[in-house]
Number of protein chains: 2
Amino acid sequence: MDVTIYEVAQRAGVSIATVSRTLRGTGPVASKTREKVLKAVEELNFTPSRLGVSLAEGRHAANGIVFPNLSGPYYTEVLLGYEEVASELGRSVLILSTTGRTRVRDLVKDLAGRVDGLLIFGHTAPDDVIAELIQVGMPLVFVSREPLAGADTLRAENTASARLLAEHLALHGYERFAFLGAPLVTGDDVDERWQGVRSVLGAAIEAVPTGHYTVDDGHQAALRLLRSGDRPRAIICSDDEVALGALLAAEELGLAVPDDVAVTGWDDIMAARHARPALTTIRQPMRELGARAARALDELITAARSTPNHLTLTTELVIRASCGHHPQEEPR
Amino acid sequence: MDVTIYEVAQRAGVSIATVSRTLRGTGPVASKTREKVLKAVEELNFTPSRLGVSLAEGRHAANGIVFPNLSGPYYTEVLLGYEEVASELGRSVLILSTTGRTRVRDLVKDLAGRVDGLLIFGHTAPDDVIAELIQVGMPLVFVSREPLAGADTLRAENTASARLLAEHLALHGYERFAFLGAPLVTGDDVDERWQGVRSVLGAAIEAVPTGHYTVDDGHQAALRLLRSGDRPRAIICSDDEVALGALLAAEELGLAVPDDVAVTGWDDIMAARHARPALTTIRQPMRELGARAARALDELITAARSTPNHLTLTTELVIRASCGHHPQEEPR
DNA sequence: CAACCTCGTGTAAGCGCTTACAGAAAAGGA
DNA sequence: TCCTTTTCTGTAAGCGCTTACACGAGGTTG
């Protein structure tokens with residue numbers, strides 16, 4: 001990464017413009033000249049400097065992504081879908097994890113200065129930074145967040161799936177419910193799930209907060225909940241990790257799942273399938289979220305589209321053992 | 001991201017050199033001048049272009065990382081440790097996932113052109129590309145791979161831990177073993193684990209390959225293995241995901257774990273703790289691997305060190321239920 | 001008060017590339 | 001043969017920044 005276009009030009013006996021044209025295929029080059037150039041490139045093992053190219057082109061050929069953390073497969077899967085498509089489109093991906101970070105503002109702004117577009121999860125970036133980015137016209141796609149003017153938003157369906165889940169549980173005959181992992185931010189995925197289940201179960205469901213959406217916090221909160229005098233018959237959790245924590249708590253207290261208490265999750269992470277009892281949960285198309293985000297960003301960057309899109313992907317209810325046997329269904 | 005240093009200079013009534021000096025704190029600037037400059041910067045909302053800075057400085061202020069995929073927490077955790085430290089050191093992180101990719105060579109070379117240093121997992125990059133990178137002096141750190149001349153290598157201990165695990169299982173009184181997830185590449189982590197267990201169990205253990213180190217492939221291979229006439233008494237798996245597959249297979253065949261067949265994993269991923277029975281496994285310091293890699297890379301990039309380092313971190317045997325009750329230990 | 005520092009600032013030369021523009025050479029047409 | 005096209009190639013002006021170097025203006029010092 002040391003040899004420059006000048007050395008190639010000199011060796012080939014041409015100007016740097018000709019070298020550039022040969023390599024990029026822009027403009028005409030006599031085949032004899034082309035050969036000379038390619039030979040010199042080969043001999044010197046020349047690779048154009050990304051920095052030089054980007055500066056001259058005025059674009060980074062890179063996308064950024066801002067997520068809280070990578071614990072659990074949700075962000076991971078979205079990230080992979082995103083990276084794969086970005087890569088196909090000739091862009092690199094720069095990552096930024098915000099959990100436990102101070103100076104998130106600066107980090108996001110720095111990242112924005114290195115890319116042509118940004119995927120941002122939920123509310124991981126400060127609102128004023130976002131406003132600023134929208135203002136300067138930085139292409140932005142948000143995932144897992146309520147629609148926002150001036151930028152694309154993309155999410156998996158929550159409310160209707162939550163209703164479906166709640167109705168399914170209600171048909172089991174359960175009467176008292178808890179929603180473990182109460183929403184922390186208005187308008188995010190968890191909030192929509194909560195709104196969905198509550199619209200079906202009404203006063204029969206109570207919101208129980210956890211500190212974070214993690215196994216440990218789910219575990220602690222579930223312990224408190226299940227020890228309390230009148231414990232719910234079913235616990236709908238904000239996501240699978242919290243649900244795994246609830247499973248642990250139940251086991252610890254000697255409660256049988258689903259016979260004493262039913263538990264459901266959300267996301268269908270790998271551990272959900274391997275937990276005992278296996279978790280009833282809602283699967284969302286994580287990979288596809290990432291892939292779509294990359295495509296949307298590409299449209300915005302290349303100015304193929306200028307008006308924001310807001311898209312919602314569908315989800316799937318995955319019924320396993322943890323919600324109990326459905327009275328109207330055949331056992332399997 | 002539109003305003004340049006020229007506009008700031010003009011507005012402040014100074015030269016661009018002074019603006020640069022003010023912002024970077026290099027060289028002396030009269031406090032009155034500084035104020036004028038900062039005021040102009042503020043008013044114009046100026047942020048220096050990364051491209052311009054990088055080109056002039058001759059460095060990217062970015063690190064790369066090459067991994068196969070992000071399924072399971074191993075790569076994920078290493079990645080997070082890496083990103084956190086890189087970020088502290090003022091570097092961004094560019095990612096490249098190789099699983100399922102064609103043109104990995106080109107992708108790696110492109111990535112290398114965008115960063116000051118690279119973390120590469122195992123054998124995810126073609127050998128000749130690696131040789132080339134070493135040759136041009138690109139700072140490189142390898143994780144989960146045998147030591148390589150000319151670059152840092154970093155890994156968690158395998159052989160001794162594998163011996164420990166094997167000895168532990170032998171003390172259970174088991175006599176016939178299988179190693180599920182036979183090594184595919186000489187010198188990688190899995191190979192070392194295999195060497196370790198075999199050095200203890202000798203002919204009593206048989207290597208059984210899986211296609212990939214995934215739950216599904218582990219599942220399929222375990223089904224074949226457990227259906228065969230003389231099935232092993234204990235299955236040592238290359239990693240937790242394969243072990244989860246084995247657990248599924250056993251359940252499917254009506255075999256009790258650990259009473260009919262014992263199973264162990266490696267990594268201690270989240271699902272290992274939540275599986276039933278919970279998996280006996282080996283925990284490795286994934287986060288720390290990433291953090292150390294970032295620091296090592298920093299040393300190499302800043303030329304604080306020039307001779308390669310080869311480091312091995314220690315691991316921990318985590319005994320849970322899936323290996324069976326140890327005859328000489330108290331039940332817990 | 002002359003000689004010498006220091007401090008503060010500007011000038012200009014890069015860093016490695018792309019590309020508009022212009023000129024030269026080759027090719028075609030009358 | 002001379003003029004018009006077409007094809008190819010070079011020149012040079014950026015892209016946005018850093019920094020070595022030079023220079024002028026006050027401050028010190030003996």
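Letters go in sequence order (proteins before strands), and every chain restarts at 1. Basis for what follows: all heavy atoms, side chains included, without hydrogens, waters or symmetry-related copies.
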A:D188 vs A:R145, salt bridge (charged side-chain N to carboxylate O under 4.0 Å, His left out): CA-CA, chis, key distance, verdict: CA-CA 5 Å; A:D188 75 350; A:R145 144 170 204 153; over 6 Å; no

Step-by-step salt bridge (charged side-chain N to carboxylate O under 4.0 Å, His left out) determination, B:K39 to B:E43: CA-CA 6 Å; B:K39 185 155 166 288; B:E43 289 169 356; 3.2 Å; yes

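Side chain to side chain, B:D152 and B:N309 fail the donor-acceptor criterion of an N or O pair below 3.5 Å. For the residue pair A:S92/B:R114, the side-chain donor-acceptor check at 3.5 Å is satisfied. For the residue pair A:R34 / A:T22, no side-chain donor-acceptor distance below 3.5 Å is found, with atom types taken as modelled.
A rotation axis mapping the C1' atoms of four pairs onto the next four is fitted at both ends of the helix from C:dC1-D:dG30 to C:dA30-D:dT1 over five pairs, and the angle between these axes is 40° to 10 degrees.
In terms of heavy-atom proximity, B:I16 sits nearest to B:Y6 at CG2-CD2, 3.6 Å. Pairing each heavy atom of A:V190 with each of A:Y213, the nearest pair is CG1-OH, 3.7 Å.
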Contact state string [nucleotides 9-17 of chain D, B base, S sugar-phosphate only, - no protein heavy atom under 4.0 Å]: BBB--BBBB

